[in-house]
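Throughout, a chain's letter reflects where its sequence line sits, starting with A, and its residues are numbered from 1.
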6 protein chains.
Amino acid sequence: MTDSPARLSHVDAAGAARMVDVSAKEVTGRRAVAAGRLCTTTEVIELLRRDGLPKGDALAVGRVAGIMGAKRTPDLIPLCHPIALHGVTVDLELTERAVEITATVRTADRTGVEMEALTAVAVTGLALIDMVKAVDPAATIDAVRVLRKLGGKTGDWQRPADRP
Amino acid sequence: MTDSPARLSHVDAAGAARMVDVSAKEVTGRRAVAAGRLCTTTEVIELLRRDGLPKGDALAVGRVAGIMGAKRTPDLIPLCHPIALHGVTVDLELTERAVEITATVRTADRTGVEMEALTAVAVTGLALIDMVKAVDPAATIDAVRVLRKLGGKTGDWQRPADRP
Amino acid sequence: MTDSPARLSHVDAAGAARMVDVSAKEVTGRRAVAAGRLCTTTEVIELLRRDGLPKGDALAVGRVAGIMGAKRTPDLIPLCHPIALHGVTVDLELTERAVEITATVRTADRTGVEMEALTAVAVTGLALIDMVKAVDPAATIDAVRVLRKLGGKTGDWQRPADRP
Amino acid sequence: MTDSPARLSHVDAAGAARMVDVSAKEVTGRRAVAAGRLCTTTEVIELLRRDGLPKGDALAVGRVAGIMGAKRTPDLIPLCHPIALHGVTVDLELTERAVEITATVRTADRTGVEMEALTAVAVTGLALIDMVKAVDPAATIDAVRVLRKLGGKTGDWQRPADRP
Amino acid sequence: MTDSPARLSHVDAAGAARMVDVSAKEVTGRRAVAAGRLCTTTEVIELLRRDGLPKGDALAVGRVAGIMGAKRTPDLIPLCHPIALHGVTVDLELTERAVEITATVRTADRTGVEMEALTAVAVTGLALIDMVKAVDPAATIDAVRVLRKLGGKTGDWQRPADRP
Amino acid sequence: MTDSPARLSHVDAAGAARMVDVSAKEVTGRRAVAAGRLCTTTEVIELLRRDGLPKGDALAVGRVAGIMGAKRTPDLIPLCHPIALHGVTVDLELTERAVEITATVRTADRTGVEMEALTAVAVTGLALIDMVKAVDPAATIDAVRVLRKLGGKTGDWQRPADRP
């Protein structure tokens, strides 16, 4: 971020959408961590906890959907580059009324992987809503955001404290 | 929702994931409205407003991504039925620090389309983050939720006031 | 087509893209025939003819690509409805310097299938260029157009003579 | 099957591939059951059994892959019709050296769903091989076959005893 | 192109389709420019021009479809290698009765990207036909062809003057 | 394989599915050969042989489906890495009552390509069943297995004689 006026990078001077050329960017190890939250009822959380039994697939479906969603990022986000993905994890933690979702994506390529991490979180959230919507049709996905980014020219970026 | 103990509909008694059989459900006109919010900075909102010029593709990219995302719902959500979609609109409204996203999906089929509406909202949000992330890497997607559902056996459902 | 001023059907009054609601349209048998042409050299046509031997897959690859392409239409064309397809054929005819491509698509659904037929033709053409480009890098796809449309409210439409 | 000479239905008289026209077929309830087997070592089966713990995702990944695979059938099988799917289940049973895979697919449409059931079995088998290949690189998928078909013009079909 | 008899590179000596092995090819910067033309009526061109207003998504939909289409190339073209894409632009220019489409694709990989550029042009053309077909059902895609290719072993290739 | 207790590599210590991080693995040339068998009747084999005529697309459809299937591997297998593919061949050999399927996949990347080779074999088998099922609804896919693996840290692996 310089002093020059900010611009949307994915549109040209006339405003036309484009996939920006990253040929000149270096292939380096990159990592991104994103998070989000499924807000629901204590009843649903109790059902998900009880699901911690043999063949308790409810949370597994969320994890698998998120990992597969990360791979579909360039299909979903129009101007995203198709890139290699070297590792994806999706962690789910049950609190009293929410499922906290954290996704970590790793690559060694020319662009960062924050969109892949955000997509993993969002798709995990959607898959979990699908699992619980018969019990809680008002379940909500909140706070889908990047927590941290490592690697690439801009180096390490950490979410500032004043952006919750 | 009856007095009988609630259950996750997408797992069987043993907890195994399944795509539930909807053969017995009626083909009826159904509609779902979902909404969400891209939270960002006043600077980004200003850039998106200025983009309201010829070839101002930034918001168009979000709308198109959301509509196409609705069509990819059964690819993304593991246990979702592949169904016909008869109409999808994605509306974007700029406020001071946010883009309010509303998606309406219509069909005449055997299942509701709330997952399609939620997916449209989430993918629109992801595509907008991709557009603005060079200027605001801390942009967040919030409050992805169903507002209203019409049609099908359960009839009209409106988001309760106590679930913001 | 009435006397009222023509409008682009896929954008609303403000110009925003949308997937138009077809719920009110009738489910009827519909058919569309589209055509196009791969223009290349006599040498390439000779190679394709000789390919008419056991395991002569060159033209088969074009046919299969076109049929599969028809099924991908709603993935490719942003505002196209996902619909059922009941039959797809792709016919290839070799002339002196060209491969004439004709695709016929059938359905019984709420929208016409001319986009599916056009997509079948275009993808067949692209697959054939891929087959021949090592020999003729200047091969061209020409005249991708609808020849005829049957069924639906507008009834039978035939390409007018003054639009070649 | 009549006395008239058998023909491959997906190629025309000249041998060209086509998606056969099913417009004239009736929309009826249809069901197909297919099965297959992952053959591996007692050690792997033991690992999969132990996985029957909280967050034991190994078998869940197989089930989810199979259900999602059923939905991808028309993308994978060139001449398959894209059809509605109303229900998919994938059952896994551990024996001494194998995982027995059974998939049941239901629809109400114009074609049978045996290809969807077979695809669910094959993709489940592939996903399970991927899970176990670090321990048993020689794991094999065997006996992917239709067990039973119900509905449609040909009515009920049951696998003959002399075709194991 | 040598004196030895030309052969279709994507079929083996017996004519069987294959994805040719490019392991031995060098990873180098490559670029391809392709073009094509949507031929329509002056009335449609006028509507597209007027669309140059806020939320004028018609041309944006074409651009976005083309960029996303470039990413789907290996899904559509059976024997195309899946490769990295480092940049894609789609330019649209309105003339009296046509939209001139030009796509530029960049990569650093083992194969050229002319198929990706051609696919971007063809899919842009299809998306534009979809936008205008209610007003001009006879709109045609013409002259989809490679203009220029740079990089790789064969070096710079420019469309010869005698191949229009 | 060491003396330490074997573990499923795609689940973590708690059993949660993940896409394992391969960043540290070397980019090397890798190859995998997999095979399988379509078991059917002498009548079907005879029909497939006769199909060895001009436009005899039946076997071509199987080959093309297998090659395209290899490219879809990361879409189908939840925890598979998306990787580059540098070459894919699918060979079909007719015996008295079977079609022997062999797929060879090559890459230069961070993971092996045995899943891609197995997927090519399985999808070829599924596409062939689809071609012949009207004549032999009991056709079976058998013995889908890796024959050989070359490259990568583990080096050359050949199927042991005691695992048929």
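Between chain C and the options M131(E), R145(E), K149(E), the largest number of non-hydrogen pairs under 4.5 Å is found for M131(E). The residue among T41(E), V123(E), D75(E) with the most heavy atom pairs within less than 4.5 Å of chain C is D75(E). The most heavy-atom pairs under 4.5 Å with chain C, out of T73(E), V146(E), L79(E), V132(E), come from L79(E).
Considering all non-hydrogen atoms of both residues, C80(E) and D130(C) come closest at N-OD2, 4.0 Å. Contact record, L76(C) with A65(E): O-CB, 4.0 Å, taken as the closest heavy-atom pair. Taking each heavy atom of A17(C) and D57(E) in turn, the nearest pair found is N-OD2, 2.8 Å. In terms of heavy atoms, V11(C) sits closest to A58(E) at CG1-N, 4.1 Å. Looking at every heavy atom in both residues, P164(C) comes nearest to T140(E) through O-OG1, 4.4 Å.
In terms of modelled atom types and a separation under 3.5 Å, the side chain of R159(E) and the main chain of A138(C) share a donor-acceptor contact. Under the 3.5 Å distance criterion, the side-chain polar atoms of D142(E) are matched with a main-chain donor or acceptor of A143(C).
Rounding to the nearest 0.5 Å gives a distance of 5.0 Å between CZ of R72(E) and CZ of R72(C). The distance from the CG atom of L128(C) to the NE2 atom of H10(E) is 11.0 Å, given to the nearest 0.5 Å.
Tested against I129(C) for a side-chain contact (heavy atoms from CB on, under 4.5 Å), the candidates I77(E), L118(E), T119(E), V144(E) yield a single pass: L118(E).
Only the side chain of A122(E) comes within less than 4.5 Å of a heavy atom of chain C; its backbone N, CA, C and O stay farther away. Heavy atoms of M68(C) lying under 4.5 Å from chain E are absent altogether.
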